[in-house]
Amino acid sequence: MVYEIKKYGENILKQIAKEVDPSEIDDEFRKFLDDMVETMYETDGIGLAAPQIGVSKRIFVCDDGNGVVRKIINPIVVPLTEETQEFEEGCLSVPGIYKKVERPKRVMIKYLNENGEEIEEIAENLLAVVVQHENDHLDGILFVEKISPMAKRLIAKKLANMKKETKRIKEENE
Ligand SMILES: [Zn+2]
């Protein structure tokens, strides 16, 4: 099942998502994770966080670009270096906008996988970008809040219009 992506202007994208109780991780939950992966591929994303499909829980899925899919529950992300990298990011919830974001180059990520097992991994390069971008979604933060002030000014109007459009569609559907 492919979910509809919540767009910029939706309140849920600004909320802090709730921890998953490990006892929730059952077959039905794993089906939900599979649907998240399906939605991510269908929309050509390399990462998708649960709030982006309207579920305010600390879950995201990602593909590191090598076809390895991770289903990540209750992540804790810790930078391992002060060295940063700049990467042009985009977001399924903020369509049509691509801007450079500076983030730590290497992070440690601790999480529960789809079987409830505790995993600890080091993420570098593109995977580090995706993991941090998706983890931000769980704290209600979008990449457009992390770009340079200059870039922010350049997209301010686009974002304002996107917000209006999201509101209009929402009102139409009510
Ligand atoms: Zn995103």
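One-based numbering, in listed order, for ligands and for the atoms of each.
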Fill in: Pair listing, salt bridge (Lys or Arg N to Asp or Glu O under 4.0 Å) test, anchored in residues 158-168, at least two apart
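The answer is Glu165-Arg168, Arg168-Glu172.
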Item to complete: Could you check Asn113 against Lys71 for side chain to side chain donor-acceptor pair (under 3.5 Å), going step by step and ending with a plain yes or no?
Response: CA-CA 6 Å; Asn113 69 8; Lys71 299 163 188 171; over 6 Å; no
Discussion item. Using a strict threshold of under 4.0 Å (side-chain N to carboxylate O), is an ion pair present between Arg70 and Asp63?
Written reply: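 Looking at Asp63 and Arg70, the cut-off is not met.
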Item to complete: Could you give me the CA-CA distance, side-chain angles and deciding distance for Thr84 and Glu102, then say whether side chain to side chain donor-acceptor pair (under 3.5 Å) is met?
Response: CA-CA 6 Å; Thr84 60; Glu102 194 177 356; 2.7 Å; yes
Practice prompt. Anything protein N/O/S under 2.8 Å from the Zn ion (ligand 1)? Just list residue and atom, please.
Written response: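 Atoms qualifying: Cys91 SG, His133 NE2, His137 NE2.
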Fill in: Partner set under side chain to side chain donor-acceptor pair (under 3.5 Å) for Asp139, not counting sequence neighbours
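Asp139 satisfies side chain to side chain donor-acceptor pair (under 3.5 Å) with Arg58 only.
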If you look only at distance, which donor and acceptor atoms sit under 3.5 Å apart when one is on a side chain in residues 13-28 and the other is two or more places apart or in another chain?
residue : atom : partner : partner atom : Å
Glu19   : OE1  : Asn74   : ND2          : 3.4
Asp21   : OD1  : Ser23   : N            : 3.0
Asp21   : OD1  : Ser23   : OG           : 3.1
Glu24   : OE1  : Lys57   : NZ           : 2.8
Glu24   : OE2  : Asp21   : N            : 3.1
Asp26   : OD1  : Glu28   : N            : 3.3
Asp26   : OD1  : Phe29   : N            : 2.9
Asp27   : OD1  : Arg30   : NE           : 3.4
Asp27   : OD1  : Arg30   : NH2          : 2.9

